[in-house]
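To start, the structure under review is shown below, and the notes come after it.
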Amino acid sequence: MREQFLELLRTDPQFRDEVRLLVLTEDLLALPGKVDRLVEAVHELTTVQRQQTEQILALTEAQRRTQEQIQGLFHQLNELVAAQHRMEEALTWLIDWQRGEAGRREGERYERQVIRRAPVLFNGGNGGPPDDPSVQQRLTALLPPEQRERLLHNEEDDPFLSDLIWWKGERVAVVEASLQVDGYDVTRADHRAATLREAGIPAIGVVIGKEWADIEAHDVALGRGVEWLIGREMSEGFRKFRELEA
């Protein structure tokens with residue numbers, strides 16, 4: 001009987017199906033389908049995960065490229081800012097240089113104007129800038145050799161570096177001319193006139209300009225006994241020098 005039963009299970013599909021229905025529950029019979037659906041679901045989930053992973057990798061790569069681009073832009077921006085800063089510095093230097101050059105040229109024009117107007121400013125007399133050959137010869141004759149030797153390395157005391165040397169009779173004015181007369185102009189005029197006085201020449205230091213650079217320059221002139229013609233104002237000593245016979 002047992003062998004016959006097993007033989008029918010092996011050879012008769014209909015009999016086998018009937019036995020399966022009798023032996024297996026509905027849940028067990030439905031299990032293969034569920035397993036298939038589970039396998040399919042797992043496959044779909046795996047596919048979705050793989051796609052998401054690929055998307056994340058792609059997004060990460062895109063983000064990295066974006067960060068690199070942003071860093072590149074920041075670098076270019078820093079270079080642009082640095083270049084602009086250098087350009088502003090160069091422009092500032094150029095403007096300052098132009099102003100300084102314009103001021104220097106204006107100062108030189110003013111000095112030449114003072115030299116040309118010296119006969120009027122001093123009410124007669126004679127002289128000129130120390131680079132005038134006749135003035136150089138006259139100064140050279142007035143200063144002894146040992147004194148000229150001391151001036152070799154002392155520009156501040158050297159009357160040959162004055163802007164103007166002007167004679168009224170035996171008196172001499174050692175002049176520093178500047179648009180804005182400062183304390184250094186006053187000191188140079190005083191020291192260079194003192195050099196001539198050391199040689200026995202009655203010399204006075206004089207500053208001529210359009211205005212004082214500051215109140216201290218005026219105070220220095222008063223303290224050192226340097227005469228002045230600033231704008232329309234003149235010191236008493238300058239007035240007396242003008243009154244001398246030429």
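No experiment lies behind these values; they were computed from the predicted model shown. Only this structure's heavy atoms are used, side chains among them; waters, hydrogens and symmetry mates stay out.
Between Asp131 and Gln136, the closest heavy-atom pair is CA-NE2, 3.7 Å.
Side-chain atoms of Lys168 never come within 3.5 Å of backbone atoms of Gly125 as a donor-acceptor pair (strictly under, hydrogens ignored). For the pair Arg242 (side chain) and Val120 (backbone), a donor-acceptor distance under 3.5 Å is present. Between the Trp166 side chain and the Gly124 main chain, a donor and an acceptor come within less than 3.5 Å of each other.
To the nearest 0.5 angstrom, Glu227 atom CD is 9.5 Å from Leu222 atom CG. Atom CZ of Arg239 is separated from atom CG of Asn123 by 12.0 Å, given to the nearest 0.5 angstrom. In this structure, CG on Leu196 lies 12.0 Å from CZ on Arg171, to the nearest 0.5 angstrom. A distance of 4.0 Å separates CG of Asp182 from CG of Asp185, quoted to the nearest 0.5 Å. Atom OG of Ser235 sits about 8.5 Å away from atom NE2 of His218, to the nearest 0.5 Å. One finds the CG atom of Leu142 at 12.5 Å from the OG1 atom of Thr195 (value rounded to the nearest 0.5 Å).
Leu179 and Ile230 fall into different hydrophobic clusters, where Ile, Leu, Val, Met, Phe, Trp and Tyr side chains are chained together by heavy-atom contacts under 4.5 Å. By the rule that hydrophobic residues join a cluster once side-chain heavy atoms approach within less than 4.5 Å of another member, Leu244 and Val174 end up as members of separate clusters. Grouping the Ile, Leu, Val, Met, Phe, Trp and Tyr side chains by contacts below 4.5 angstrom, directly or via other members, places Val135 with Phe160. One hydrophobic cluster, built from ILVMFWY side chains closer than 4.5 Å, cannot hold both Tyr184 and Val226; they sit in different ones. Linking Ile, Leu, Val, Met, Phe, Trp and Tyr whenever their side-chain heavy atoms come within less than 4.5 Å puts Leu121 and Phe241 in one cluster.
Taking 4.5 Å as the limit, some side-chain heavy atom of Leu143 sits within range of a side-chain heavy atom of Pro159. Side-chain contact between Gln113 and Arg109: absent, with no pair of heavy atoms (C-beta onward) separated by less than 4.5 Å.
Using cut-offs of 30° and 60° for the angle between ring planes, the Phe238 and Phe122 rings count as tilted.
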Give the table of side-chain donor-acceptor pairs shorter than 3.5 Å for residues 204-215, with sequence neighbours excluded, one pair per line with atom names and distance.
residue: Glu211; atom: OE2; partner: Gln180; partner atom: NE2; Å: 2.6
residue: Asp214; atom: OD1; partner: Glu216; partner atom: N; Å: 3.3
residue: Asp214; atom: OD1; partner: Ala217; partner atom: N; Å: 2.8

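Annotation: Glu79, atom CD; neighbour count of heavy atoms from other residues, nucleotides and ligands within 6.0 Å is above 12. For CD of Glu236, the number of neighbouring non-hydrogen atoms (other residues, nucleotides, ligands) closer than 6.0 Å is greater than 12. Applying the 6.0 Å contact sphere to CD of Glu155 captures no more than 12 heavy atoms from other residues, nucleotides or ligands. More than 12 heavy atoms of other residues, nucleotides or ligands shown are found within 6.0 angstrom of CD on Glu68.
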Verdict with supporting geometry, Asp158 and Leu152, side-chain contact (heavy atoms from CB on, under 4.5 Å):
CA-CA 8 Å; Asp158 190 350; Leu152 181 61; over 6 Å; no
Give the intermediate values and the outcome of side-chain contact (heavy atoms from CB on, under 4.5 Å) for residues Asp163 and Ile115.
CA-CA 8 Å; Asp163 294 326; Ile115 292 171; 5.6 Å; no
Take Arg192 and Glu176, measure what salt bridge (charged side-chain N to carboxylate O under 4.0 Å, His left out) needs, and give me the verdict at the end.
CA-CA 10 Å; Arg192 290 166 181 175; Glu176 295 295 321; 2.8 Å; yes
Quick one: do Glu111 and Val114 satisfy side-chain contact (heavy atoms from CB on, under 4.5 Å)? Show the steps, please.
CA-CA 5 Å; Glu111 290 176 13; Val114 168; 5.7 Å; no
For Gln71 and His75: C-alpha separation, side-chain torsions, deciding distance, then whether side chain to side chain donor-acceptor pair (under 3.5 Å) applies.
CA-CA 6 Å; Gln71 290 176 353; His75 179 69; over 6 Å; no
Check the pair Arg197 / Asp190 against salt bridge (charged side-chain N to carboxylate O under 4.0 Å, His left out), numbers first and verdict last.
CA-CA 10 Å; Arg197 289 196 297 270; Asp190 180 39; 3.7 Å; yes
Going through the checks in order, is the side-chain contact (heavy atoms from CB on, under 4.5 Å) test met by Arg50 and Gln55?
CA-CA 8 Å; Arg50 184 177 67 254; Gln55 291 175 354; over 6 Å; no
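A donor-acceptor pair shorter than 3.5 Å can be found between the side chains of Asn126 and Arg138.
Glu198 and Arg150 are joined by a salt bridge, as a carboxylate oxygen and a charged side-chain nitrogen come within less than 4.0 angstrom of each other.
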